Structure formats: structure tokens, C-alpha cells
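Counting starts at 1 for both ligands and their atoms, following the listed order. What you are looking at is a predicted structure, and each value in this text was computed from that prediction instead of being measured.
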Amino acid sequence: MDLQGIKRIREVNPVVVNYANFVTPFLVANGLNAVGASPIMSEEESEAEELVRLASAVTINLGAVRREGWADIETLCQAANDQQKPLVLDPVAVGATQYRQQLNFRLLKKYQFDVIRGNLGEIAVLAGIDWQTRGIDAGNGEGDAHQVVKACAQKYHNVVIASGATDYISDGTRVVEIHNQTRLLPAVVGSGDLLSSLAAAFCAVGPNPLQAAINASLTLSCAGERITEKLHDQYLPGSFLSGLMDELANITVAQVEERMKVEE
Ligand SMILES: Nc1ncnc2c1ncn2[C@@H]1O[C@H](COP(=O)(O)OP(=O)(O)OP(=O)(O)O)[C@@H](O)[C@H]1O
Ligand SMILES: Cc1ncsc1CCO
Ligand SMILES: [Mg+2]
């Protein structure tokens, strides 16, 4: 397992272009900056191709997209595919409305995403497996998480992260489970958005999307565990959030190695 990604991000300082939602761009930009990447948010179609040219990866977050935004998103996706830059999709609340499904399935049909990162409920919708979804939360379902994440990765020929108390990561063949966790991560709206953009940053420094997804998940959850411990397990989402940025900026490969709980 190649856990050196965080070191490479700090050396390379990869530019990550984000089509963000209007709820969490501050968290996503600061989180990317903290790990050593260089975030840029854009919603202007006329600069999309140029931005992708200077970027090392692109994240498309579908959290709050207006119909007018579709052309910009498609230009970003096309440029990323044309220029062979890693492309990550966050299908926020895809189960909630017909509109979200229409947009998600349209993009997944037209463009190749290297990584999809959603909660288990969202990933089940993309996989076409019956699962109860409610808004931005994961919801419950009967399906087996392994089956869901694997089916989604096979369907879209990519790597899928289904996040939750355990993060399940699959390339369609393997399923890797990340058991590091803290209840404070879901207490912060946008921790999922940050995970998606971190996956893009890690894809930018290789060696492959599966390892990048594992490294992104481990970095966020191990940083989250570290600050939770410093807060003596108190439920303090505000302190957690500011401390999380400090941990992301300082976490080392050795610290991740020491506490990582990975199963396959
Ligand atoms: N019950 C839980 N216990 C511990 N960690 C969790 C739990 N649920 C999610 N997480 C962690 O929180 C982070 C965000 O995952 P989550 O599944 O909540 O994404 P999301 O639903 O897209 O969130 P958001 O929409 O707020 O960005 C991940 O790092 C995940 O591992
Ligand atoms: C709350 C919310 N609504 C649209 S996007 C978003 C942030 C979580 O993805
Ligand atoms: Mg989300």
C-alpha cells in the first residue's frame, strides 16, 4: 500500500478545480489548502477549459446546481476527459429528486469519472440498487454495502467511495474498508464534499485512483480521530472543524500508518 500521497501533495501542490455547491466551498477550499493542494472554484463556462489545463484534477459537486450551470459542468468534464485529468463526481442527494437523477445520469453517460464519492445511499441510487434515501443523508437499505459499492464501480468502470461509519472503496473487483471514524465528521455539513475533493487531490499525485481514494479516506478519518482525541471525545463540532484543518495541515504518513484500520 502506497501511503506517501500526502507527502507528494505537499511537494507538488496540485491545483484542484472544483465546481462547488454554495453551502460548503469555504470548508472544501480550506481543507484542500490545508493538505497542501491548491483549490480553485469556478462556475464560469468560458474559463473552464483554461482552468482544467492548469489543474491536476477536477471535482464536480452536484449539491446545488441550477439548470444554468449544466453547460459549465459539461465543459469542465469534457476538458478533464480530453486532457486526461482525473475527474471526481460527488452525487449529493441524488436520490432526493428527479432533477438530480437526470443530471447525474446524464453526466455519467457522457463522461468518464475516475472516482465517484457519495454516501452509501447516494451510491446505491447510482448503482440502481433499491435503497431508502433522504436528502443529503445516507438513509437505510437492505442491500449489502459491498454489493452496492462494487456494483457501482462495475457499472461506471471506475473507483467508488461509499462513505459512512465505515468507508467502502471499490474498483469493481476489490472492496477495501476503512474503519477509522469519529462521530464528529458527520456532525460537520460538507465533510463528504471535502472527502470528494481530497480524492481528486490524491488522484493528482497517483499512483492510481484506488490508492488515491484509500489515501483520501484515511487522511480525513485519521485527522478527524486525532482532533477528536484532543477534544477528549466531547461533541464539539465547531472546535472539531477548526482543529480538523490543523490536523490536515500537519498529519504525517507515520501517523496515518500508526492508526489506520484497513480491511479487505
Ligand atoms: N456514522 C458515522 N460515523 C463516523 N464517521 C462517519 C459516519 N458517517 C459518515 N462518516 C464520515 O464522515 C465523512 C463524510 O461522509 P458522509 O457519508 O457523511 O458524507 P455526506 O453524506 O456526503 O456528507 P455531506 O453531505 O455533509 O458532505 C466521511 O469521512 C465518513 O467516513
Ligand atoms: C446541505 C447541502 N445542500 C445542498 S449541498 C449541501 C452540502 C452537503 O453536500
Ligand atoms: Mg454529500
Exercise. Between the side chain of Asp114 and the main-chain N/O of Pro209, is any donor-acceptor distance below 3.5 Å?
Worked result: no

Problem set entry | Sub-3.5 Å N/O-N/O distance, Asp193 and ligand 2 | yes

Seminar exercise, completed: For Val23, the atoms of ligand 2 under 4.0 Å from one of its heavy atoms are 2 (C), 3 (N), 4 (C), 5 (S), 6 (C), 7 (C)

Exercise. Same hydrophobic cluster for Val16 and Ile73, using side-chain heavy-atom links shorter than 4.5 Å among ILVMFWY?
Worked result: no

For this session: Go through ligand 1 atom by atom and flag the ones less than 4.0 Å from a non-hydrogen atom of Leu220.
Result: 29 (O)

Exercise. Below 4.0 angstrom, N of the basic side chain to O of the carboxylate: do Lys150 and Asp144 qualify?
Worked result: no

Problem set entry | Sidechain N-carboxylate O distance under 4.0 Å for Arg53, Glu49 | yes

Seminar exercise, completed: Applying side chain to side chain donor-acceptor pair (under 3.5 Å) to Lys261 and not counting sequence neighbours gives none

Exercise. If you count the atoms of ligand 1 from 1 in the order shown, which ones are under 4.0 Å from a heavy atom of Arg117?
Worked result: 19 (O), 20 (P), 22 (O)

For this session: Could you please spell out the steps behind the side chain to side chain contact (heavy atoms under 4.5 Å, CB included) verdict for Val188 and Phe240?
Result: CA-CA 9 Å; Val188 173; Phe240 173 79; 3.8 Å; yes

Exercise. Relative to the heavy atoms of Val189, which atoms of ligand 1 are at a distance of less than 4.0 Å?
Worked result: 26 (O)

Exercise. Side chain of Asp167, backbone of Ser217: donor and acceptor closer than 3.5 Å?
Worked result: no

For this session: Check whether any N or O atom of Asp193, backbone or side chain, sits under 3.5 Å from an N or O atom of ligand 1, and answer yes or no.
Result: yes

For this session: Look at atom 7 (C) of ligand 1 and find which of Gly118, Ser221, Ala165, Ser163 reaches it with the closest heavy atom.
Result: Ala165

Exercise. Counting from 1, what ligand 1 atoms have a heavy atom of Leu185 closer than 4.0 Å?
Worked result: 11 (C), 12 (O), 29 (O)

For this session: Could you list which atoms of ligand 1 come closer than 4.0 Å to a heavy atom of Asp167?
Result: 30 (C), 31 (O)

For this session: For Gly63, counting its heavy atoms only, list the atoms of ligand 2 lying under 4.0 Å from any of them.
Result: 4 (C), 5 (S)

Exercise. Counting each atom of ligand 2 from 1 as listed, which ones have a heavy atom of Val92 under 4.0 Å away?
Worked result: 9 (O)

Seminar exercise, completed: Near Thr182 (heavy-atom distance under 4.0 Å), the atoms of ligand 1 are 4 (C), 5 (N)

Exercise. Do Arg259 and Glu229 meet the salt-bridge criterion of a basic N to acidic O distance under 4.0 Å?
Worked result: yes

Exercise. Would Leu76 and Val52 count as a side chain to side chain contact (heavy atoms under 4.5 Å, CB included) if you check the C-alpha gap in whole Å, the side-chain angles of each, and the deciding distance to 0.1 Å?
Worked result: CA-CA 7 Å; Leu76 283 168; Val52 173; 3.8 Å; yes

Seminar exercise, completed: Check: of Pro186, Gly190, Gly192, min heavy-atom distance to atom 26 (O) of ligand 1 comes from Gly190

